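This report concerns only the one structure given below.
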Amino acid sequence: MRPTGKLHLGHYSGALESWVEQQNLLGPTGSSAYETCFLIADYHNLTTSLQTGEIYSHTLDMLIDWLAAGVDPEKSPVFRQSQVKEHAELFLIFSMLITSARLERNPTLKEQVRDLNMESLTYGHLGYPVLQSADILLYKANVVPVGEDQIPHVEITREIARKFNNQYPHPSHGEVFAEPAPKITKFSRLVGLDGKAKMSKSLGNTILLSDEPDEVLKKMRTAVTDTLKIRKNDPGHPEVCTVFSYHSKFSSPEQICSIEADCRAGILGCVDCKKACAANIALELAPLLEKRRYFEAHIDLVKNILFEGEKKARIIASQTMEEVRAAMRLGEISGGNQYGTVKC
Ligand code: AMP
């Protein structure tokens, strides 16, 4: 996840919730089903903004949201891309394994260019999924929990892994990389308050995980609803209503049924519907807010979590790069070990 500061409900329902679920999943023997690690993609921030002045404060803000939502640093190291140099190294190698035409076909990129009205693309932005492939494969991930918009990137990662394995079989254990599978979250595309396809900081249509209940209600009042339901008693169409899409995520099954029926029958007006929705969201966010306050008051603890996570990540990343260099026969020394590698 890119460190863009405080997170919103889209990050929560599209990624964070399933990260935590996956982190806590137990296998048949009662131990963790997965080893998980979570990356702060600070290099990726540069694809849409060259401003780096606030990157550290945004990183800490985002990390606090992660911790508040249940990311457990004892189980899952958290670390910044820029602090584990192997990300840049593997990105360079991977960028030779994919064509620019393939990257230009990436639908997520096309969507971003459209949403942000971008007139031209940098070389690095085009290579966004290549760097992401390095992020994923350095840790030999089998499963990547992602929102819908990231599926094309996991597909590119699989292609790059396959290409690398075919081109460079490892001298002793064959394939260096497993092909990772995307694990799609149920609410992988949460609509923004303005009814636009995606809740997104750059579109300014968000509810933050750190919003207090009165702020949630204030924002909810601005949410776009069914434009054909003008008066309270007009029958509504929940399937086109932004607020109903939030109910489907944050309200109980019984509430969803009664809200849907009452909206269609013209019994429930948008004002009351929004109040109920805001209350349910605030209820879900209450434990996160409490934990956020704790971590804000213990910021050294947060910084230390990052420091420890980066130490762990460097160990894994350097082991993978040793295998990559051995498979590619980079750094062989004549007369030395046949697959000797350069130690940096
Ligand atoms: P980003 O901030 O673009 O790096 O997104 C981080 C993660 O949050 C990605 O897995 C996205 O798919 C997910 N995400 C961001 N916004 C939304 C949204 N509105 N709905 C669902 N998932 C989202």
Side-chain angles (χ1 to χ4, degrees), residues 1-23 36-49 54-55 58-59 61-66 68-71 76 78-82 87 106-116 118 124-125 127-129 131-133 135-136 141 143-157 180-211 219 223-224 242-243 245-246 248-250 281 284:
M1 201 181 277
R2 291 173 302 150
T4 48
K6 291 179 173 169
L7 300 181
H8 55 68
L9 291 180
H11 291 119
Y12 180 70
S13 55
L16 211 40
E17 234 185 350
S18 65
W19 290 10
V20 172
E21 195 183 302
Q22 202 154 333
Q23 166 194 272
T36 38
C37 55
F38 299 120
L39 172 86
I40 298 167
D42 52 356
Y43 278 146
H44 271 124
N45 251 31
L46 300 173
T47 56
T48 49
S49 167
E54 288 185 295
I55 205 153
H58 281 173
T59 296
D61 254 333
M62 181 172 85
L63 188 48
I64 289 175
D65 277 332
W66 286 9
V71 166
S76 318
V78 293
F79 48 91
R80 289 166 292 179
Q81 211 173 23
S82 66
H87 287 259
N106 171 15
T108 304
L109 182 78
K110 287 185 186 166
E111 191 177 310
Q112 209 172 37
V113 167
R114 190 198 59 215
D115 286 349
L116 302 176
M118 300 180 78
H125 196 166
Y128 191 116
L131 178 54
Q132 196 170 351
S133 302
D135 300 339
I136 295 168
V143 177
V144 193
V146 284
E148 198 182 73
D149 56 343
Q150 298 291 315
I151 302 170
H153 295 178
V154 181
E155 187 48 45
I156 288 174
T157 306
K183 187 162 188 267
I184 314 302
T185 45
K186 192 165 163 227
F187 286 88
S188 62
R189 186 171 282 261
L190 198 78
V191 178
L193 286 165
D194 53 1
K196 295 250 168 71
K198 205 180 154 188
M199 184 173 282
S200 152
K201 190 174 182 182
S202 53
L203 298 176
N205 57 9
T206 64
I207 292 177
L208 300 180
L209 301 185
S210 48
D211 281 340
K219 287 184 173 176
V224 169
T242 307
V243 178
S245 74
Y246 299 154
S248 347
K249 167 73 186 96
F250 296 101
I281 291 175
E284 176 122 2

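Every value quoted in this text rests on a predicted model; they were computed, and no experiment measured them. Both ligands and their constituent atoms are indexed starting at 1 by order of listing.
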Could you state the interatomic distance from OG (S82) to NE2 (H87), rounded to the nearest 0.5 Å?
9.0 Å
Write 'none' if nothing qualifies; otherwise put on separate lines each N/O atom of ligand 1 with a protein N/O atom under 3.5 Å away and their distance to 0.1 Å.
unit_1   : atom_1 : unit_2 : atom_2 : d
ligand 1 : 2 (O)  : H11    : NE2    : 3.0
ligand 1 : 3 (O)  : R2     : NH2    : 3.1
ligand 1 : 4 (O)  : R2     : N      : 3.3
ligand 1 : 4 (O)  : R2     : NE     : 3.3
ligand 1 : 12 (O) : D149   : OD1    : 2.6
ligand 1 : 19 (N) : L190   : O      : 3.1
ligand 1 : 19 (N) : M199   : N      : 3.1
ligand 1 : 19 (N) : M199   : O      : 2.8
ligand 1 : 20 (N) : L190   : N      : 2.8
ligand 1 : 22 (N) : G10    : O      : 3.2

Please check this pair: side chain of N45 against backbone of P3, looking for a donor-acceptor N/O pair closer than 3.5 Å.
yes
Other residues, nucleotides, ligands: >12 heavy atoms within 6.0 Å of E54 CD:
no
Do the side chain of N205 and the main chain of K198 share a donor and acceptor less than 3.5 angstrom apart?
yes
Which residues pass the side chain to side chain donor-acceptor pair (under 3.5 Å) test with Q150, not counting sequence neighbours?
Q132, H153
Any side-chain to backbone donor/acceptor pair from S200 onto S202? Under 3.5 Å, distance only.
yes
